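What follows is one structure encoded as C-alpha cells, with my remarks underneath.
What you see is a predicted model, and the numbers here were worked out from it, not measured in a lab.
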Amino acid sequence: MPTAWPFIKWEGSRGDPCTRIYNLKIIARALMALIVQKYGGTSVGNAGRIKNVARRVARAHDEGNGVVVVLSAMAGETDRLINLVHEVSDFPSAREHDVVVSTGEQVTIGLLSIALEDMGYRAKSFLGHQLPIVTDSRFSCARIERIETEKIKEELGKGNIVVAAGFQGVDSGGNITTLGRGGSDTTAVALAAALKADLCEIYTDVEGVYTTDPGVCADARKLKKISYDEMLEMASLGAKVLQTRSVEFAKKYRVPVMVKSSFTEAEGTLVCEEDTDMERVMVSGITFNKNEAKISVVRVPDRPGIAAKLFRPLTEAGINVDMIVQNISHDAHTDLTFTVAKADYKRALGHVKKVAGEIEARDVIGDTNIAKVSIVGAGMRSHAGAASTMFETFAKEGINIQMISTSEIKISCVVDVKYTELAVRVLHEAFGLGKEDVAEER
Ligand code: ADP
Ligand code: ASP
Ligand code: MG
C-alpha cells in the first residue's frame, strides 16, 4: 500500500528498540529513489494498455520509490486532433490550435489515475497549467522556461503517485501551449531535472535506442548506453525515439535517461555521459530524415551580400535553414542550394523566388523528394575514414550524393528519397553495426 515518500525528518538513533527500528525504516525510505516514468502513445493506446502501465507504475511505487508519471496522448490521437482543427479552418489561430491539440493527454492522465485508484493506490493527475509548467508563447513549439515543483513534492510527501500531462504547458499570460511533436519526452526530462530525480525512464514501443530505426533495418542492434552528444545528434537527425529538446535538457542537467519498452522486461538503453568505451567504435548509429526539402538558386551573381539577402527574409519568417552548399564560382556566377523543413517549404520558396528576382538569379528549383541520411559516432573524433567508407558505400550502390555536411561526430548526405531505406541498410552493414558483427554489446 502507499507509503509517504522521503520528506520525513530524521529523529536520531536513540530511544527504545521500536523507535530505533522505526528510524531505520525512515532512513531506508529516505534512500529510495525518485523516478520519473514517461509512457508514449503506443504504451497508453487503449484501456488494456493503460492498465498495464498502471501495474508498472504500482510496482515502482511498491519498491519504495517516489513516482512521477508523464503521459502522451493515445497513439494517433494527436494526429486526429490536428486533422480536426484543419477540417474546421485552413488558418486556425495558433492559440486555439494548442487548446485543441493538448487535450489528448488529459484523457490518458485521468484514465491512468483511475486505474491506479482501482488498484488501491492514491494517484493524482495534473495538467501543465495546474503545476504549472511555464513556457514561452511560441504555440506548437513552446520551450519550457520554469517548472513549479511544490505541488508535486507535496503529493509525493503524502505517498501519492503524481501523473502529469506531457506535451503541454502554460505561458505567462495563462494561455495553453504545446511543446512540438514528441514533446512528452521533454516534459519528462524537464520534470526529472526540476525535481532532481534519480532517473528518468522513457517507456516506448521498442526496447531502447538502436543502431538505427528497428522498423527499417531488421539487423538493428540495441545499444546498452549512448552519450548525450551522440543521442542529441541521432535525435536531431531523425531518430524520433527521443525528442531532441529532451536530450538537450538531459545533457544540461545531467539527468540519466533510460529508454526501454513498456511491453517487455528487457534492460533498455542508458543515455549518459560519454565514457572511453564509446570512443572505441567509430560509428554508433545511422539515422534518416524524410522531412526536409531542397531549394536551389541557379546562377546567382557571385558578390558580397548576396547570401545575406537570400537568407535574411527566411530568418525573419522564422524558417530554419539546415544544410547549405555553394558551388565554386564560374564567370562571376554560382549556384546556392539549401534545405528547410518540408513544413516550411512553400513559404521558403515564396521568399526565395522574390529575392531571386531582385538579385537577377536565373532560376529557383525546389525538390521535396529528398532524404538526409547520417552516420553518428563519438569515435569519429579519434578515427579517420568514416567519410570515405560512407561515400564508397553509396558509390557501390549507385546512390548519388546531392549534398554533404559534417560536424565533429556526424556526417550527413542528402540523397534521393527513394534510396533512403537502402542507404540506411548498406551503411549499417558497412560500419559493422549488425547483431552478428559485434561480439560484445556496447
Ligand atoms: P512514443 O510514442 O513511445 O513516444 P515514438 O514513436 O515517438 O514512441 O518513438 C519510438 C519509435 O522511434 C520506434 O518505434 C522506432 O521506430 C523509432 N526509431 C527511430 N530511430 C530509432 C532508433 N535509433 N532506436 C530506436 N527507435 C527508433
Ligand atoms: N502526443 C504528442 C504527440 O503525438 C506528444 C508526444 O506523444 O510526445 O506528438
Ligand atoms: Mg515519441
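Checked against the 6.0 Å centroid threshold, His97 and Phe139 do not count as a close aromatic pair.
A donor-acceptor pair under 3.5 Å is formed between the side chain of Ser102 and the backbone N or O of Val99. Counting only distance, with no hydrogens or angles, the side chain of Arg138 and the backbone of Arg143 share no donor-acceptor pair below 3.5 Å. For the pair Ser246 (side chain) and Val189 (backbone), a donor-acceptor distance under 3.5 Å is absent. A donor-acceptor pair is defined here as one N or O able to donate and one able to accept, closer than 3.5 Å; no such pair exists between the side chain of Ser296 and the backbone of Val298. The closest donor-acceptor contact from the side chain of Thr177 to the backbone of Ser137 lies at 3.5 Å or more, if one exists at all. Distance alone, capped at 3.5 Å, is enough to place a donor-acceptor pair between the Asp198 side chain and the Leu34 backbone. Of the possible polar contacts, one joining the Asn65 side chain to the Ala60 backbone as a donor-acceptor pair under 3.5 Å is found. Judged purely by atom type and a 3.5 angstrom limit, Tyr210 has no side-chain atom pairing as donor or acceptor with the backbone of Gly215. In terms of modelled atom types and a separation under 3.5 Å, the side chain of Thr393 and the main chain of Leu427 share no donor-acceptor contact. At distances below 3.5 Å, at least one donor-acceptor pair connects side-chain atoms of Lys151 with backbone N or O atoms of Gln130.
Residue-environment remark: CD (Gln326) exceeds the threshold of 12 foreign heavy atoms within 6.0 Å. Open room surrounds CD on Glu267; 12 or fewer heavy atoms of other groups in view lie less than 6.0 Å from it. Annotation: Lys354, atom NZ; neighbour count of heavy atoms from other residues, nucleotides and ligands within 6.0 Å does not exceed 12. Under a cut-off of 6.0 angstrom, the local environment of CD in Glu358 is crowded, with over 12 non-hydrogen atoms contributed by other residues, nucleotides or ligands.
We find that Glu248 and Arg245 are joined by a salt bridge, their nearest charged nitrogen and carboxylate oxygen being less than 4.0 Å apart. Between Glu201 and Arg56, no side-chain nitrogen of the basic residue sits less than 4.0 Å from a carboxylate oxygen of the acidic one, so the salt-bridge criterion is not met. Between Asp331 and Arg299, at least one side-chain nitrogen of the basic residue sits less than 4.0 Å from a carboxylate oxygen of the acidic one, meeting the salt-bridge criterion. Remark: Glu429 does not engage Lys396 in a salt bridge, criterion side-chain N to carboxylate O under 4.0 Å. Between Glu148 and Arg146, at least one side-chain nitrogen of the basic residue sits less than 4.0 Å from a carboxylate oxygen of the acidic one, meeting the salt-bridge criterion. A salt bridge does not link Glu230 to Lys225: none of the charged side-chain nitrogens sits closer than 4.0 Å to a carboxylate oxygen.
Residues Pro92 and Ser89 come closest through the heavy atom pair N-OG, 3.3 Å. Across every non-hydrogen atom of Met74 and Ile50, the tightest pair is CE-CD1, 4.0 Å. The two residues Asp367 and Asn369 come nearest to each other via the heavy atoms OD1-N, 2.8 Å. Summarising the geometry of Ser113 relative to Ile109, their closest heavy-atom pair is OG-O, 2.8 Å, with the distance given to 0.1 Å. Across Thr211 and Ala220, no two heavy atoms sit closer than the pair OG1-CA, 3.5 Å. Counting all heavy atoms, side chain and backbone alike, Phe431 lies closest to Met390 at CZ-N, 4.0 Å.
With contacts defined as side-chain heavy-atom distances shorter than 4.5 Å, the pair Arg381/Asp229 qualifies. Counting heavy atoms from C-beta outward, Lys372 and Thr339 have side chains that stay 4.5 Å or more apart. Looking at heavy atoms from C-beta onward, Ile133 lies in side-chain contact with Thr187 at the 4.5 angstrom threshold. Within the 4.5 Å cutoff, the side chain of Met380 has no heavy atoms near those of the Thr406 side chain. When side chains are defined from C-beta on, Phe311 counts as touching Ile324, because their heavy atoms get closer than 4.5 Å. Between Leu84 and Val88 the shortest side-chain heavy-atom distance does not fall below 4.5 Å. Put simply, the side chain of Ile144 reaches to within 4.5 Å of the side chain of Phe249, judged on heavy atoms. Lys260 places a side-chain heavy atom less than 4.5 Å from the side chain of Tyr203.
Ring pair His61/Tyr121 is perpendicular by interplanar angle, where above 60° counts as perpendicular and below 30° as parallel.
Note: Ile176 CD1 to Glu96 CD = 9.0 Å, rounded to the nearest 0.5 Å. The distance from the CD1 atom of Ile370 to the NZ atom of Lys290 is 12.5 Å, given to the nearest 0.5 Å. If you take OG1 on Thr420 and CG on Asp213, they are separated by 12.0 Å, rounding to the nearest 0.5 Å. Atoms SG and CG, on Cys413 and Asn400 in that order, are 10.0 Å from each other to the nearest 0.5 Å. Atom CG of Leu71 sits about 5.5 Å away from atom CG of Leu112, to the nearest 0.5 Å. Summarising the geometry, atom CG belonging to Leu242 is positioned 8.5 Å from atom OG1 belonging to Thr204; distances are rounded to the nearest 0.5 Å.
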List the steps, then state whether side-chain contact (heavy atoms from CB on, under 4.5 Å) holds for Arg362 with Asp335.
CA-CA 10 Å; Arg362 179 184 289 168; Asp335 295 341; over 6 Å; no

I'd like to know whether Arg49 forms a side-chain contact (heavy atoms from CB on, under 4.5 Å) with Phe263, so could you lay out the CA-CA distance, the side-chain angles of the two residues, the decisive distance to 0.1 Å, and finally the verdict.
CA-CA 9 Å; Arg49 288 184 176 180; Phe263 301 104; 3.7 Å; yes

Could you walk me through whether Val271 and Met234 pass side-chain contact (heavy atoms from CB on, under 4.5 Å), step by step?
CA-CA 12 Å; Val271 188; Met234 296 252 303; over 6 Å; no

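Each of Val57, Val53, Asn52 was checked for a side chain to side chain contact (heavy atoms under 4.5 Å, CB included) with Arg55, and the lone residue meeting it is Asn52.
At a cut-off of 3.5 Å, with distance as the only test, no side-chain donor of Gln243 or Asp185 sits close to an acceptor on the other residue. When only modelled atom types and interatomic distance are considered, Thr178 and Asp98 share a side-chain donor-acceptor pair under 3.5 Å. Neither side chain, Thr244 nor Ser236, offers a donor N or O lying under 3.5 Å from an acceptor on the other.
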